[in-house]
> 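Before anything else, here's the structure in question.
Letters A, B, ... mirror the listed sequences (proteins, then strands); counts begin at 1.
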Amino acid sequence: MIEGNLKELIVEALVRAKEAGKLKYSQLPEIILERPAEKSYGDITTTVAMTLASQERKPPRVIADIILKHMSPTPSWIERWEIAGPGFINFYLSPSFWHNQLLFVLNRGDRFGSSDYGKGMRIQVEFVSANPTGPLHVGHGRNAAVGDVLARILTFSGYQVEKEFYINDFGNQIELLGQSVWSRYMELNGKPVPFPENGYHGDYVYDIAREIIARKGSEFVEKDPAEVLPFFAEFASQVMLERIKADLEAFRVTFDSWFSEKSLYQNGSVAQVLETLKSKGFIYEQEGALWFRSTQFGDDKDRVVIRSDGRPTYLASDIAYHQNKLQRGFSKLINVWGADHGGYVPRVKGIIKALGYPEDILSVVLIQLVRLMREGVEVKISKRSGKLILLSDLVEEVGVDAARFFFTMRRTDSHLDFDLELAKSQSKDNPVYYVQYVHARICSLFREAKKLSIALPSPQEVDLNRLNSEEELSLIKELYHFPKVVIESALFLEPHRITFYLQNLASIFHSYYNKYRFISEDLTLTGARLTLAKGVQIVLKNALDLLGVSAPEVM
RNA sequence: GCGCCUGUAGCUCAGUUGGAUAGAGCGCCGGACUUCGAAUCCGUAGGCCGCAGGUUCGAGCCCUGCCAGGCGCGCCA
């Protein structure tokens, strides 16, 4: 990266200036290079002169001038520099530098934007983890999209990523599902029993009951409920889990592992970890229950792990689960949760610390609510089921591409208004189509060129000096910026940076496309512009891949 | 009452971890297709960045206090 070279140049200048007695700083300041707010301010800017101002007791612009006077002879990739505003030093890079960057994009191809930033780091992303007690709804959809896109971004950034789904296949919820299905089963067999309070009312509960009748007939009707309920619970949760898997797969989301909560009880790890924490003094007994001393880690109150009747709470398995994750040796854990679970963050961080690990090994990405909007009004309830809108319904209506794009279009910590009509519309208003259209357009361009027997020139023969307009250089600069966007998305766990980048790139391209013609009688110019189009196509495809959104050749 | 998140143009949102004149899309108004895809582009207008203090060369961003909305505050998950 060019930034490294530039930093060295500035550091050398600072050192020389100090040796010459022009500057007196005691410690070399950190050189921060950034992209200027406006194009006219150059390609790279530094604020170093301003940060030095107070300790040098000189105006920033004077310091900037001293620094520049001590710079070594201008390297060829710098066209010029200037002092601007309160004391920025702006660097303008030469066109040939940018032309080389374009060749670099083509050379890297589908690897352009990838890095070894996370090299040697194993990172786990746990997401969705919906209870297998009902189908996925749109809230899970946003979680699934964000988690999956994060995993893709991290993978592209060199991390070794494992995607995991934690299955809550133990405890109250599952029992309640079993009872609900059993009740429907009895009802369908003409022997109605009271439906459990807080039971699951969805149609899918009937579906499962019918499935059991189809497979097993009515053999359970006369049996003792206590004897058959475990079967109902087990069967129902299996069916739901299969359905969840199918919905996710249709949403282009797959997992490397499916971790069973129940297994933590079966292999004794819950009991074992509670014993460990007890010996460390983090677990105590009170009022007949066992408590986790989470207040020691910033939680509001201590939390029960084993109830006075001896049944564990979900927190018990969460402790064992996170111990298990930690023991698997990940350098970083990411939990993607709904915002309604925000209150659990302190206690899970507490678990991490109590187990003797640094708390920042875990990052929790909280996803705020999704509001589905149709023509300006919120859609709360599905007409078909009378319940929450299902992910599968949404996908059926707007398609996977639009759903994934929209779900990752906002920062995770802000609410998302999902405009259904917009997501379906085939116009520039719809950002998905707007972006995909660029890809299709470029593909169309190459089809047209082929028709005219014009081939994309090789990097050796292309004359990129023909790309000298401001728009062409801007386009290349935008491509050049892509790897940085990927790394920042990975670093801050912010997928929306990719969607915004795509929209911006698409806008610059469309604008260019309307102003200039790619194919003309000037064959060297045509070759150069086709090379530019190829670069845009590559970056577009790579970025869309990160979102799990298709890059269509025709639309 | 306490905790977390949010508050930026009429609407939906960005804002490069504290930098230059706060940006984009939609909507409004006005323009551009006999030429590579008009599913596109160009232009105009629109702002006490919730309010009030503070920190410093500099604050939409950091600190404090208010106001408003969302979510959470169980021996439920």
> Check the distance between B:C26's P and A:Phe500's CZ and give it to me in whole angstrom.
14 Å
> Output the pairing pattern of RNA chain B as a dot-bracket string, 5' first, Watson-Crick or G-U wobble with both distances under 3.5 Å, | for cross-strand pairs, [ ] for crossing pairs.
(((((((..((((.....[...))))..((((.......))))......(((((..]....))))))))))))....
> Flag this pair as yes if the NZ/CZ of A:Arg529 is under 6.0 angstrom from the six-membered ring centre of A:Phe518 and inside a 45 degree cone about the axis; otherwise no.
no
> Check whether any side-chain nitrogen or oxygen of A:Arg57 sits under 4.0 Å from OP1 or OP2 of B:C57, and answer yes or no.
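No.
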> Would you please confirm or rule out a distance under 4.0 Å between OP1 or OP2 of B:G15 and any side-chain N or O of A:His496?
yes
> Using a heavy-atom cut-off of under 4.0 Å over every strand shown, decide if A:Tyr516 touches base, sugar-phosphate, or nothing.
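A:Tyr516: base contact, heavy atoms under 4.0 Å.
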> Roughly, in whole Å, what's the span from CG in A:Leu422 to P in B:A24?
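Between P of B:A24 and CG of A:Leu422: 19 Å.
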> Separation of A:Gln503 atom CD from B:A14 atom C1', in whole Å?
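Nearest whole value for this atom pair: 10 Å.
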> Generate the contact string for nucleotides 41-47 of chain B. Rules: B means base contact, S means sugar-phosphate contact only, - means no protein heavy atom under 4.0 Å.
SS-----
> Any side-chain N or O of A:Arg411 less than 4.0 Å from the OP1 or OP2 oxygen of B:G15?
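So the side chain of A:Arg411 is within the cut-off, an N or O lying under 4.0 Å from OP1 or OP2 of B:G15.
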> Give the rounded distance in Å between these two atoms: CG of A:Asp413 and P of B:U6.
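After rounding, the gap between these two atoms is 5 Å.
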> Specify the separation, in whole Å, of atom CD1 of A:Ile44 and atom C1' of B:A20.
17 Å
> What is the separation between atom CG on A:Asn198 and atom P on B:C76, rounded to the nearest whole Å?
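So the CG-P distance, A:Asn198 to B:C76, works out to 12 Å.
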> Distance check: side-chain N/O of A:Ser414 vs OP1/OP2 of B:A14, anything under 4.0 Å?
yes
> Give a yes/no on whether any side-chain N or O of A:Arg307 is located under 4.0 angstrom from OP1 or OP2 of B:C76.
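Answer yes for this pair, as a side-chain N or O of A:Arg307 is under 4.0 Å from OP1 or OP2.
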> Under the rule for salt bridge (Lys or Arg N to Asp or Glu O under 4.0 Å), what residues qualify as partners of A:Lys325, not counting sequence neighbours?
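With sequence neighbours excluded, A:Lys325 shows a salt bridge (Lys or Arg N to Asp or Glu O under 4.0 Å) to A:Glu126, given in chain and number order.
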> Please report the distance, rounded to the nearest Å, between OH in A:Tyr41 and C1' in B:A22.
12 Å
> Regarding B:A20, can its base be found pairing with the side chain of A:Asn90 as donor and acceptor, where the two atoms are less than 3.5 Å apart?
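Answer is yes: a donor-acceptor pair is held.
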> Which of these, A:Arg303, A:Lys301, A:Gln296, sits in a side-chain hydrogen bond (donor to acceptor under 3.5 Å, both in side chains) with A:Asp299?
A:Arg303
> What is the distance from CZ of A:Arg517 to C1' of B:C36, rounded to the nearest Å?
5 Å
> Does any donor-acceptor pair link the side chain of A:Ser444 with the base of B:C36 at a separation under 3.5 Å?
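Looking at the base of B:C36, it does not pair with any donor or acceptor on the side chain of A:Ser444 (distance under 3.5 Å).
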